[in-house]
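Worksheet: one structure, shown below.
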Number of protein chains: 2
Amino acid sequence: MTAQARGLHARVLDSLGPAITAGAYPPGSVLRTDELAQRFEVSRSVMREVVRVLESMHLVASRRRVGVTVRPTEEWNVYDPQVIRWRLAGADRPRQLRSLTVLRSAVEPVAAGLAARNATAEQCAALTECALGMVATSRGRRLEEYLVHDIAFHRVVLDASGNEMFARLGDVVAEILAGRTHHDVMFEDPDPAAVTLHVRVAEAVREGDADRAEALTREIAEGALRELDILAPPPSAR
Amino acid sequence: MTAQARGLHARVLDSLGPAITAGAYPPGSVLRTDELAQRFEVSRSVMREVVRVLESMHLVASRRRVGVTVRPTEEWNVYDPQVIRWRLAGADRPRQLRSLTVLRSAVEPVAAGLAARNATAEQCAALTECALGMVATSRGRRLEEYLVHDIAFHRVVLDASGNEMFARLGDVVAEILAGRTHHDVMFEDPDPAAVTLHVRVAEAVREGDADRAEALTREIAEGALRELDILAPPPSAR
DNA sequence: CTTACTCAAAAAGTCAGACTTTTACAGCAC
DNA sequence: GTGCTGTAAAAGTCTGACTTTTTGAGTAAG
């Protein structure tokens, strides 16, 4: 499935990166470039390039005479899409999913409000189309088709906000939504209330009603959080 | 000022990276590793490692027989701290600052709400201390001291939220606040209303009042946005 | 016993050159 | 015009030698 002939560099990175984010080498562990090169059966050049990339992600720090030390989790570049992917594929996927969903719940309402102000006619049309698509596929186990429209909807909102930082969270949202469908609750049809909310958000954006778009999106986000609380309860109560 | 002997790799990266984010090589431009190596007077190994890092930031894409092509802005990893730093140092600093401030205004209120629920006793104490420090240095052109407390305050809130993604925005907020003091309005004392709001946020968090902490932080954020509208007006009205 | 200095080794960092692999493109045949 | 084929350009990979920084052991002085 995953591309095989993507070059040595990419292959080693996709092997070592997830291992580190999964905690196979706990923070403070020391690796040596030469040893790694041997282990992965690649030349030192390739391994050096891999280490440099991991270093740029703040997963490791390379120091002379010491080696390549794994950094503590708090220092990782957790917004790096690659790191996000690695962690979502790993064991602490639930915790990761929670962090990202909370982030999403903070960002999307504000993005929707901005979208109501800034969306172009084309974006409004796209939004309506997505919402209609969601309605059309919301019943009868057409989950894959529904997912496509759902992802597209949220992407358009984030793009239409006109904020670059928001727009770049489109992939994260896509990952979350896809995860929900594929891992968690793929047996039942989407919540009709959520579908309706999407339609109403599209309306609000079209009418330029920022406050309503924000409030409605906040409801969608709260729904996502509630869903998460059921599937993967938070750490604990106070 | 900036470290000089940080290794060739870092020096070339810090030269080429900002050049790209500044638009010196417009998207679609094609560079050749060999040519770059000559231009920067380093070996191909070093330049290859630099290119690999830029590639992991999605600033460029390297393809055989073609070369290293600069990617369009929308594909850059705009959350990479390094990229953020480069862009903030460049010409479109104002636009960048706006994007980040909007992001901040979306995230911090939610983070404060979570902090009210999750903050430890130590974090509450730290928060109060920061707020008091802000009060103490809020008058008499003690802007540098004030800044330290301000940054610390927002860092503690983001950390105390217990959300990893929020916590990692501490550096971004620090950058924004520092930028405000150093570039924009360093002539007058901070807004007394803002200082009071910080004190009240600390209170709310201490008392575990999530809604109030969120609302108060939203006021702080709105203040920051208003300030931004004055200093660097948004694109245009509808 | 502690402190300060020296020095050797370990590991990353750098360089140079040869070779391999992919692939865009030109030129040719149909 | 369409399709094939071959060539060259550029990245990708490997190897080995050399340099630089840095740690920590050993040693001498207090």
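Lettering of chains follows the sequences in order, A, B, ..., and the numbering in each one begins at 1.
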message: Are B:H149 and B:H198 an aromatic pair, judged by ring center distance below 6.0 Å?
response: no

Within 6.0 angstrom of B:R63 CZ, more than 12 heavy atoms from elsewhere: no

Euclidean distance, atom CZ of residue A:R32 to atom C1' of D:dT23 [Å, nearest integer]: 15 Å

message: Nearest heavy atom decides the nucleotide; on that basis, is A:V66 or A:S45 closer to the 5' end of DNA chain D?
response: A:S45

- line: The answer to which of B:A10 and A:G67 contacts DNA chain C further toward the 5' end, by nearest nucleotide, is A:G67

query: Do the non-hydrogen side-chain atoms of A:L13 and B:R52 ever get within less than 4.5 Å of each other?
result: no

message: By nearest atom, which of the nucleotides C:dT14, C:dA10, D:dA11 is closest to the B:H9 side chain?
response: C:dT14

query: Once you round it to whole Å, what is the distance between P of C:dA10 and CG of A:L31?
result: 19 Å

message: Rounded to whole Å, how long is the line connecting atom CZ of B:R52 with atom C1' of D:dG12?
response: 7 Å

- prompt: With no angle test and no hydrogens, is the base of C:dA11 tied to the side chain of A:R65 by a donor-acceptor pair under 3.5 Å?
  reply: no

message: Whole angstroms only, please: what is the CG-P distance between B:L8 and C:dA16?
response: 11 Å

task: Tell me whether the OP1 or OP2 atom of D:dT23 has a side-chain N or O from A:R63 closer than 4.0 Å.
output: yes

- prompt: Taking the side chain of B:S43 as heavy atoms from C-beta outward, which of C:dG13, C:dA16, C:dA24 is closest to it?
  reply: C:dA16

- prompt: If you look at every heavy atom in B:N77 and B:S56, which pair is closest and at what distance?
  reply: OD1-O, 3.2 Å

field: Whole-Å gap separating C1' (C:dA16) and CG (B:D34)
entry: 12 Å

task: Measure from CZ on A:R44 to P on D:dA17 and round the result to the nearest Å.
output: 10 Å

query: Closest to the B:R64 side chain: C:dG13, C:dC15, C:dT22?
result: C:dT22

task: Calculate the interatomic distance between B:F40 atom CZ and C:dG13 atom P; express it in whole Å.
output: 20 Å

query: Any side-chain N or O of B:S62 less than 4.0 Å from the OP1 or OP2 oxygen of D:dA11?
result: no

field: Partner of A:E164 under side chain to side chain contact (heavy atoms under 4.5 Å, CB included), chosen from B:Q96, B:R98, B:E74
entry: B:Q96

field: Atom-to-atom span, CZ of B:R48 to C1' of C:dA16 - whole angstrom
entry: 15 Å

message: Counting the atoms with a prime plus P, OP1 and OP2 as sugar-phosphate, which does A:T33 contact under 4.0 Å by heavy atoms, base, sugar-phosphate, or nothing?
response: sugar-phosphate

